[in-house]
Amino acid sequence: MPELPEVEVVRRGLERWVAGRTVADVEVLHPRAVRRHLAGGDDFAARLKGHRIGVAQRRGKYLWLPLADTDASVLGHLGMSGQLLVQPQDTPDEKHLRIRVRFQDEAGTELRFVDQRTFGGLSLHDNTPDGLPDVIAHIARDPLDPAFDDEAFFAALRLRRTTVKRALLDQSLISGVGNIYADEALWRTRLHYDRPTATLNRPKAAELLGHARDVMNEALAVGGTSFDSLYVNVNGESGYFERSLDAYGREGEPCRRCGTAMRRRAWMNRSSYFCPKCQRAPRSAS
């Protein structure tokens, strides 16, 4: 799943190439791509036509395009393989093209939603007074948001009866951090993923939050992390932060800090990567 840096790269591309343009027409080429728009594809297309796209917004891993002259937004869910591409109109259709948006201008480009696995999609939602699509109003701010409240995060972390990686992936506590960047931040902080949050003092929690910010900013600077061709920016280009990963995907390779072989453990239908020497397991963890 794309995490905050990958979604932010796409958001910046949409801000540059789509903001301010007026929708001429919309083609929904696969019904699953609008399954979250309960009124269906024809309604989705009709409600976008003639409206001007505002500046793309993001909270955590959620991305949306406000309709500048309404109180609604198009929410994009990339899923496992969704791509929002800005393509020249004469570019041949991608094999897994699901939605096409054309604009009322002479720029010569169109917005395409391409999704091989059809887990993602686009949908139209009313906005809250804060400008968020109403279906994501419960999502917490992410650590790169200037309005993120560090002190509230530290207090909530101490009160949660959970483990540190579960807390990092709890979208009601902190958004945007997924499996990859959680493992990276934990490695940098020398914390085991099963460390109880109640045992973290404020300096350690602040260090963890700082490393989460650092690793995501570093990933942003190089276009995010792409393990295959399914994650690309709006111009179809892959990021290359995977070359700089210290933990994720490095099972059996030497820890960059101490040389111990990195390990992988199954964790909540995912994997956790860690150094068994630098990130000592708590006594209750296996």
Side-chain angles (χ1 to χ4, degrees), residues 1-10 58 60-63 78-83 117 119-120 142-144 157 162-171 173-195 197 200 204-205 207-233 237-282 285-286:
M1 291 283 286
E3 300 183 27
L4 184 158
E6 291 75 45
V7 177
E8 175 62 14
V9 168
V10 174
R58 178 192 57 75
K61 295 180 278 187
Y62 290 87
L63 174 73
L78 300 181
M80 295 292 291
S81 59
Q83 301 169 344
R117 299 171 184 168
F119 292 154
D142 64 71
L144 301 189
L157 198 63
T162 188
T163 54
V164 64
K165 187 172 178 181
R166 286 176 183 264
L168 286 176
L169 271 60
D170 183 345
Q171 299 291 293
L173 178 64
I174 180 172
S175 68
V177 184
N179 203 42
I180 295 174
Y181 298 113
D183 279 359
E184 293 300 300
L186 290 168
W187 181 86
R188 293 186 181 198
T189 318
R190 301 180 184 235
L191 284 174
H192 190 275
Y193 59 89
D194 264 342
R195 172 83 172 264
T197 53
L200 294 183
K204 201 65 175 178
E207 182 184 357
L208 175 62
L209 183 59
H211 284 311
R213 285 187 171 120
D214 289 344
V215 72
M216 289 193 289
N217 276 318
E218 290 165 22
L220 262 175
V222 294
T225 301
S226 303
F227 285 103
D228 56 32
S229 61
L230 295 181
Y231 164 67
V232 294
N233 66 16
E237 301 163 338
S238 296
Y240 52 92
F241 189 69
E242 75 277 5
R243 302 175 192 175
S244 303
L245 293 173
D246 291 310
Y248 190 86
R250 299 193 66 245
E251 181 183 15
E253 297 180 35
C255 172
R256 300 192 199 278
R257 192 162 43 218
C258 73
T260 303
M262 298 289 291
R263 292 184 184 173
R264 178 182 66 85
R265 290 288 182 269
W267 183 84
M268 291 182 63
N269 297 318
R270 302 181 177 107
S271 293
S272 279
Y273 296 87
F274 65 102
C275 171
K277 182 177 180 181
C278 296
Q279 298 168 267
R280 298 283 187 183
S286 57

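Here the shortest heavy-atom pairing between Cys258 and Cys275 reads SG-SG, 3.6 Å. Closest non-hydrogen pair, Arg188 versus Glu218, comes out as NH2-OE1, 2.7 Å. Minimum interatomic distance between Met262 and Ala247 (heavy atoms only, all atoms of both residues): CE-CA, 3.7 Å. The heavy-atom pair separating Pro143 from Arg213 by the smallest distance is O-NE, 2.6 Å. Of all heavy-atom pairs spanning Thr163 and Asp194, the tightest one is CG2-O, 3.4 Å. When every heavy atom of Cys278 is checked against every heavy atom of Cys255, the shortest pair comes out as SG-SG, 3.9 Å.
Cation-pi contact between Arg257 and Trp187: present, with separation from the ring centre below 6.0 Å and deviation from the ring axis of at most 45°.
Using a distance-only test at 3.5 Å, with no hydrogens or angles considered, no donor-acceptor pair links the side chain of Arg264 to the main chain of Ser271. Remark: side-chain polar atoms of Asp183 are paired, donor with acceptor, to backbone N or O of Tyr273 under 3.5 angstrom. In this structure, the side chain of Glu251 does not engage the main chain of Arg263 through any donor-acceptor pair within 3.5 Å. For the pair Arg195 (side chain) and Arg280 (backbone), a donor-acceptor distance under 3.5 Å is absent. Using modelled atom types, no side-chain atom of Lys61 and backbone atom of Glu6 make a donor-acceptor pair closer than 3.5 Å. Using a distance-only test at 3.5 Å, with no hydrogens or angles considered, a donor-acceptor pair links the side chain of Arg250 to the main chain of Pro254.
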Item to check | Verdict with supporting geometry, Thr189 and Val164, side chain to side chain contact (heavy atoms under 4.5 Å, CB included) | outcome: CA-CA 11 Å; Thr189 318; Val164 64; over 6 Å; no

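From Tyr193, atom OH reaches atom CE of Met268 across 12.5 Å, with rounding to the nearest 0.5 Å. One finds the CZ atom of Arg265 at 8.0 Å from the NE2 atom of His192 (value rounded to the nearest 0.5 Å). Rounding to the nearest 0.5 angstrom, the gap separating the CG atom in Asp214 from the OH atom in Tyr181 is 13.5 Å.
A 4.5 Å side-chain heavy-atom check between Phe274 and Leu186 finds every atom pair outside the cut-off. Within the 4.5 Å cutoff, the side chain of Asp142 has no heavy atoms near those of the Met216 side chain. The side-chain heavy atoms of Leu220 and Val9, taken from C-beta on, include a pair separated by under 4.5 Å. The shortest side-chain heavy-atom distance between Ile174 and Leu209 falls under the 4.5 Å cut-off. When side chains are defined from C-beta on, Leu168 counts as touching Leu208, because their heavy atoms get closer than 4.5 Å. Trp267 is listed as a side-chain neighbour of Asn179, based on a closest heavy-atom distance under 4.5 Å.
For Glu8, the side-chain hydrogen bond (donor to acceptor under 3.5 Å, both in side chains) test picks out Arg11, Arg12, Arg58, with sequence neighbours left out. With sequence neighbours left out, the side-chain hydrogen bond (donor to acceptor under 3.5 Å, both in side chains) criterion links Thr162 to no other residue. Residues meeting the side-chain hydrogen bond (donor to acceptor under 3.5 Å, both in side chains) test with Ser272, sequence neighbours left out: Lys165.
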